[in-house]
2 protein chains.
Amino acid sequence: MNNKLTEIRKQLQVDGYKLTPQREATLKILLENHEHLSAEDIYMLVKDKAPDIGIATVYRTLELLSELRIVHKLNFGDGVARYEITDNKEEHHHHHLVCLECGKLEEFEDDLLEDMEKKIQATKNFQIVDHRLSFFGYCQECKDRPRSDRPKAKIE
Amino acid sequence: MNNKLTEIRKQLQVDGYKLTPQREATLKILLENHEHLSAEDIYMLVKDKAPDIGIATVYRTLELLSELRIVHKLNFGDGVARYEITDNKEEHHHHHLVCLECGKLEEFEDDLLEDMEKKIQATKNFQIVDHRLSFFGYCQECKDRPRSDRPKAKIE
DNA sequence: CTTATTGCAAAAGTTTTGCACTATA
DNA sequence: TATAGTGCAAAACTTTTGCAATAAG
C-alpha cells in the first residue's frame, strides 16, 4: 500500500517531475479511494488535508498522472471525467446493469471478458488497460410494473 | 433505408411525440451519417437543410431519441458526446477500442456477449435490451512510440 | 539559483434551461 | 384550440489557460 506510493514517487522523480505536497496529497487520496472519483471529488478530499490547493492543480496533476499511466481517466457519459489508480485487477470483473425504466444501477461480477481481451490483444495489437461494460434493460420490478406507473427514464 | 425513417416516424407517433420538421431533419442526418457525430456536427448538417433550427432543439431531439433508444449516446472522453443511430442487428456485436493516448477509435465485432446475456437474464432476473462495451488501452502506434515523441496527452 | 509548479481568476467549450412564441395533432 | 415543441439568449457546468508568485531540486 505504502509501497505503491513510494514506487510512484520514484517514477515521478525518474521522469524529472517535482514532488510537490499537492501531488503527494492527490496521490494519497487516489490510493485511499478506489472508487471512480471525479476531479471535484478529489479536490474536496485533498482540500481536507491541504486546504490551499486549487482545483486547477488537481486537474493538472490528474493530467500528468494520466500521461504517466498512473491513473486511468474514465468516462461514463454524464459529463464528468472520473479517475482511478491503474492496476485494480478486481475492478476489471465488475460490470453494470442499468435499468432503462427507473435508472437503477446494479453491479455484477464476471470474468468472461478475459477471453475477449486476450483475443483482441492478439488480433488487433491493442494493449488493453481497462474496459467498461454496461447492459441496458429492465430490472425485475420495472419489468413487472404496468406501463402507466412507470417513471420516465433518464438515459445515460 | 427509407423504411427505417418511416418506422421511427411511427414509433414517435405511437409514443405521443409530435413530428416536427426539425426532428425529421435531424433523423435524416443521423440516417445518412453513420459515423459518430457530435451535437455540433449534427447541428451544422441539419442547418444546411433547415437553417433556422437552433442547437438547443438539436440537443433536445437527441435526448428524446436517446430515451427512445433510437440513437446511442457515446462518450469518448474528449468532452463531447457523440450520437449514432441504433442498428438493432449489427450494433449488438459492435464494440469499441479507445486509445488512451491519441484518442483514436477502432471498432470490432464479436458476439461473445450473447453467452453473458443469457447468464444474466437467468441469474439476475434482468431483461436485457442492449449493451455497450468499450475497451480502453493503447493502439499499436502509441504503444510502440517512445515517451518523448508522444503527443501531449489529450488523454481520453 | 533556475525553472517547474502553483493559485487565482478569467476564458473556453459543451450542454441545459427559462421564457415567450409557434405550430402540430 | 390546446399543448408540445422551438429559438434565442442566458445560465450552468466542467475543464483549461495566462500570469505573477512560490518552492522544489
Side-chain angles (χ1 to χ4, degrees), chain A residues 8-27 36-44 46-47 49-68 71 73-83 152 154-156, chain B residues 8-27 29 36-44 46-47 49-68 70-71 73-83 103 148 151-156:
Chain A
I8 296 171
R9 216 183 257 137
K10 202 181 294 171
Q11 186 179 348
L12 280 173
Q13 274 176 324
V14 165
D15 284 331
Y17 296 102
K18 293 181 179 173
L19 251 57
T20 66
Q22 291 92 333
R23 286 180 180 164
E24 217 167 308
T26 305
L27 270 171
H36 319 300
L37 299 172
S38 69
E40 183 73 25
D41 294 338
I42 294 167
Y43 175 55
M44 293 309 215
V46 174
K47 248 192 150 174
K49 298 186 175 179
D52 285 344
I53 196 172
I55 197 165
T57 299
V58 171
Y59 274 106
R60 284 186 283 229
T61 300
L62 291 171
E63 197 199 320
L64 173 64
L65 296 176
S66 287
E67 278 177 37
L68 297 177
V71 306
K73 186 176 178 183
L74 299 167
N75 232 291
F76 299 117
D78 58 352
V80 197
R82 308 196 181 254
Y83 302 83
K152 245 221 151 107
K154 166 124 191 189
I155 307 261
E156 193 183 355
Chain B
I8 295 171
R9 218 184 256 135
K10 201 183 295 170
Q11 187 180 347
L12 281 173
Q13 274 178 324
V14 165
D15 284 332
Y17 296 102
K18 293 181 180 172
L19 249 57
T20 66
Q22 292 91 334
R23 285 181 182 165
E24 216 166 309
T26 305
L27 270 170
I29 292 301
H36 320 299
L37 300 171
S38 69
E40 184 73 24
D41 295 338
I42 294 166
Y43 175 55
M44 294 309 216
V46 175
K47 248 193 152 172
K49 299 186 175 180
D52 285 344
I53 196 173
I55 197 164
T57 299
V58 172
Y59 274 107
R60 284 185 281 227
T61 300
L62 291 170
E63 197 199 321
L64 173 64
L65 296 176
S66 285
E67 276 177 37
L68 297 177
I70 292 168
V71 308
K73 185 178 180 181
L74 299 168
N75 230 289
F76 303 129
D78 57 353
V80 196
R82 304 192 185 257
Y83 302 83
S148 47
K152 196 68 176 182
K154 207 56 185 172
I155 302 236
E156 195 203 349

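Below, chains carry the letters A, B, ... as their sequence lines are ordered, and counting in each starts from 1. Please read all numbers here as calculations on a predicted model, not as lab measurements.
Rounded to an integer number of Å, the gap from A:L12 CG to C:dA4 P is 16 Å. Across the protein-nucleic acid pair, A:Y17 atom OH and C:dT6 atom P stand 12 Å apart, rounded to whole Å. Rounded to whole Å, atom C1' of D:dT6 lies 15 Å from atom CG of B:L62. Computed from coordinates, the A:Y43 OH to D:dT16 P distance equals 16 Å when rounded to whole Å. As a whole-Å value, the separation of B:K73 NZ from C:dT16 C1' is 11 Å. Taking atom CG of residue A:L37 and atom P of nucleotide D:dT14, one finds them 15 Å apart after rounding to whole Å. For the pair B:I55 CD1 and C:dT14 P, the computed distance is 9 Å after rounding to whole Å. Here the P atom of nucleotide D:dG25 and the CZ atom of A:R9 are 11 Å apart, to the nearest Å.
In terms of phosphate contacts, A:Q22 brings a side-chain nitrogen or oxygen within less than 4.0 Å of OP1 or OP2 of C:dG7. In terms of phosphate contacts, B:Y59 brings a side-chain nitrogen or oxygen within less than 4.0 Å of OP1 or OP2 of C:dT15. In terms of phosphate contacts, A:T57 brings no side-chain nitrogen or oxygen within less than 4.0 Å of OP1 or OP2 of C:dT5.
Comment: B:K73 does not engage B:E63 in a salt bridge, judged by the lack of any side-chain N to carboxylate O separation of less than 4.0 angstrom.
Among the atoms of the strands shown, only primed sugar atoms or phosphate atoms (P, OP1, OP2) are found under 4.0 Å from some heavy atom of B:I53.
With sequence neighbours excluded, the residues forming a salt bridge (Lys or Arg N to Asp or Glu O under 4.0 Å) with B:K49 are B:E32, listed by chain and number. For A:Q13, the side chain to side chain contact (heavy atoms under 4.5 Å, CB included) partners two or more places apart in sequence, or in a different chain, are A:L19. Annotation: side chain to side chain contact (heavy atoms under 4.5 Å, CB included) contacts of A:A39 (sequence neighbours excluded): A:Y59, A:L62, A:Y83.
Taking CG of B:L74 as the start and OG of B:S38 as the end, the distance is 12.0 Å to the nearest 0.5 Å. A:L64 contributes atom CG, which lies 11.5 Å from atom CZ of A:R60 (distance to the nearest 0.5 angstrom). Atom CE of B:M44 sits about 12.5 Å away from atom CG of B:L37, to the nearest 0.5 Å.
What you find for B:R23 and B:K18 is that their closest heavy atoms are NH1-O, 2.8 Å.
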Query raised in the report: Between A:L68 and A:I8, is a side-chain contact (heavy atoms from CB on, under 4.5 Å) present by the stated rule, with each step listed?
Result: CA-CA 10 Å; A:L68 297 177; A:I8 296 171; over 6 Å; no
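For A:R23, counting side-chain heavy atoms from C-beta on, the closest listed nucleotide (D:dG5, C:dT6, C:dG7) is C:dT6. When distances are taken from the side chain of B:A81 to each of C:dT15, C:dT5, D:dA9, the shortest belongs to C:dT15.
Using a 4.5 Å cut-off on side-chain heavy atoms (C-beta onward), B:V80 and B:E40 make no contact. Annotation: side chain of B:L27 is in contact with side chain of B:I70 (closest heavy-atom distance under 4.5 Å).
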Can you give me the N/O atom pairs linking the protein to nucleotides 19-23 of chain C at distances under 3.5 Å, or say none if there are none?
none

All N/O pairs under 3.5 Å across the protein-nucleotides 10-13 of chain C interface:
none

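Between its two ends, the helix from C:dC1-D:dG25 to C:dA25-D:dT1 turns its axis by 40°, counting five pairs per end and rounding to 10 degrees.
Toward the 5′ end of DNA chain C lies the nearest nucleotide of B:Y83, the other residue of the pair B:L19 and B:Y83 mapping further downstream. Remark on DNA chain C: of its neighbouring residues B:E40 and A:G54, the 5'-side contact belongs to A:G54, judged by nearest-heavy-atom nucleotide.
Remark: of the listed residues A:I53, A:T61, A:I55, A:D41, A:I53 is the sole one forming a side chain to side chain contact (heavy atoms under 4.5 Å, CB included) with A:V46.
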